[in-house]
Structure formats: C-alpha cells, structure tokens
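Chain naming here is simple, since letters A, B, ... match the order of the sequence lines and numbering starts at 1 in each.
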Amino acid sequence: MEILGQKLTRDFYLRPTLTVAPDLLGKTIVYNHPQRQLAADIVEVEAYVGEDDPACHAASGKTERNRVMYGRGGYSYLYFIYGMYHCFNIVTERDGFPAAVLIRGVEPFIGKDIMSRLLPPGKSPNWLISDGPGKFCRAFGLTRKQNGLDLTGSELFLIDRGNEKPHVGVSPRVGIKKATKREWRFFDINSRYVSGNRTV
DNA sequence: TGTTGGATCAACT
DNA sequence: GTTGATCCAACAC
C-alpha cells in the first residue's frame with residue numbers, strides 16, 4: 001500500500017535541532033519491513049543538542065554508541081536502555097555536530113493490529129501501545145539493528161501527509177536529571193498518545 | 001576486570 | 001512514592 005504524502009528530504013533534517021523537533025509533530029513515520037508496513041503520526045519529541053547539552057549522549061564526546069549522532073542529519077540513532085527498552089532518535093544538523101530528536105509518542109496510523117502483536121498479551125484493546133519512547137520502539141519492532149539507517153531511503157522514512165498543524169505544548173525533558181531548565185520537549189497537547197497520560 | 005547507572009515501564013505499597 | 005526487570009556502555013581501577 002502506498003501512503004499519500006511527501007517524503008521528507010535531507011534538507012529537512014539539516015536545519016537547527018530546535019527547529020526540526022517541533023516541526024516533526026504531525027509528520028508520519030513509515031517503516032516498510034519486508035513482511036509488514038507500519039506508519040504512525042508523531043505527537044511527542046525531545047531535542048538533544050550538541051556536546052554542550054549535559055543531557056545529550058554526546059556530552060562527554062564521541063563514542064561507538066553515539067557515533068551516528070555525529071554524522072549528517074537524516075539518519076536513525078537507536079540505543080538500548082534499562083536492560084529492556086530501545087529509544088529511537090532522528091539525527092539532525094550537519095556532519096560533525098552531534099544532535100538528535102528523540103521520538104517519545106506516536107499515534108498508530110497503519111498496522112495497529114501488527115503493532116499489538118509485538119506487545120505483551122493480556123492488555124485491553126484500548127490500551128495505548130505507543131505513548132512513550134520504549135513503547136513506540138516495541139510496537140514498531142525497532143532495535144539496534146535499525147541504528148544508522150538513512151531516513152531518506154525506502155525502509156524507514158518520514159512523510160508529510162498534510163496533517164493539521166498541532167497545538168504545541170513545551171516542557172522540560174522527561175527522565176533526566178541534568179539541564180532540567182531547558183524546555184526541549186514538544187508535544188501535541190490534544191493527543192492521547194503523549195507519554196504520561198496513562199490509560200489502562 | 002569490575003562496578004554503576006541510565007533519554008523506561010508497569011506493578012506494587 | 002518506590003521498586004523490579006535486565007542489558008550494556010562508560011568509566012574506574
């Protein structure tokens with residue numbers, strides 16, 4: 001199935017991270033796996049910008065883990081955390097400057113039934129499957145295998161399908177103890193799929 | 001070689 | 001509000 005929309009090009013990702021992050025709200029992530037197609041609209045993100053940002057993985061320099069963050073914008077940065085979860089980031093800005101946007105919440109658009117099968121059994125049908133960075137990666141089946149993918153390619157990419165501009169809320173980033181004064185979390189205030197709106 | 005704690009989530013009290 | 005699950009990168013030694 002072909003989804004109607006304009007694929008985001010390299011230029012989109014090369015802009016300043018604090019411009020790209022809120023601009024990602026309402027855009028659609030498409031994951032074309034050989035056996036399945038998944039798509040979801042972004043409703044919550046966080047920006048991590050450069051070695052001067054104490055909360056950014058690049059705060060203490062380049063390592064094997066954060067290597068793709070140092071590359072050109074428009075690539076995926078996936079890492080494993082807390083022994084159980086993965087987090088998906090979109091690398092931004094020019095080659096050599098480490099920055100990325102963490103995807104924290106999405107509204108399922110295509111393949112919700114497939115996503116549900118990747119989740120633990122016994123949840124009620126209206127259980128939110130993608131409100132939170134770990135839950136999003138689990139619903140999409142994203143792991144470190146997808147680290148470093150070119151998001152202008154055909155496997156994993158983003159499109160603008162003309163969604164209405166969301167009403168954007170701003171807050172400090174979640175789950176970090178450093179740089180809590182920086183309000184670099186952006187979310188669609190009308191979406192149920194923003195993390196923290198627990199519905200079970 | 002060993003230790004520690006994290007951009008999480010859900011199930012407790 | 002607190003804790004368990006469970007891995008591995010980063011850093012200390």
Item to check | salt_bridge(A/D160, A/K7) N-O dist < 4.0 Å | outcome: no
Candidates [options] - which lies nearest the side chain of [X]:
X: A/M84; options: C/dT6, C/dA9, B/dA7; result: C/dT6
X: A/F80; options: C/dC7, B/dT8, C/dA9; result: C/dC7
X: A/R138; options: C/dC8, B/dT8, B/dA10; result: B/dA10

Checklist entry - How far does OG of A/S171 sit from CZ of A/R182, to the nearest 0.5 angstrom? => result 15.0 Å
Checklist entry - Ignoring hydrogens and angles, are the base of B/dA7 and the side chain of A/Y79 linked by a donor-acceptor pair under 3.5 Å? => result yes
Next on the checklist: Given a 3.5 Å cut-off on both pairing distances, which stems involving DNA chain B, each at least three consecutive Watson-Crick or G-U pairs, are present, if any?
Outcome noted: B:1-6 with C:7-12, B:8-12 with C:1-5
Next on the checklist: Do A/R185 and A/F187 form a cation-pi contact, if we require the NZ or CZ to be under 6.0 Å from the six-membered ring centre and within 45 degrees of the ring's axis?
Outcome noted: yes
Mind calculating the distance between [atom1] ([X]) and [atom2] ([N]) to the nearest angstrom?
X: A/K135; N: B/dA10; atom1: NZ; atom2: P; result: 4 Å
X: A/H57; N: C/dC8; atom1: NE2; atom2: P; result: 15 Å
X: A/N89; N: B/dT8; atom1: CG; atom2: P; result: 11 Å
X: A/Y48; N: B/dG6; atom1: OH; atom2: C1'; result: 11 Å

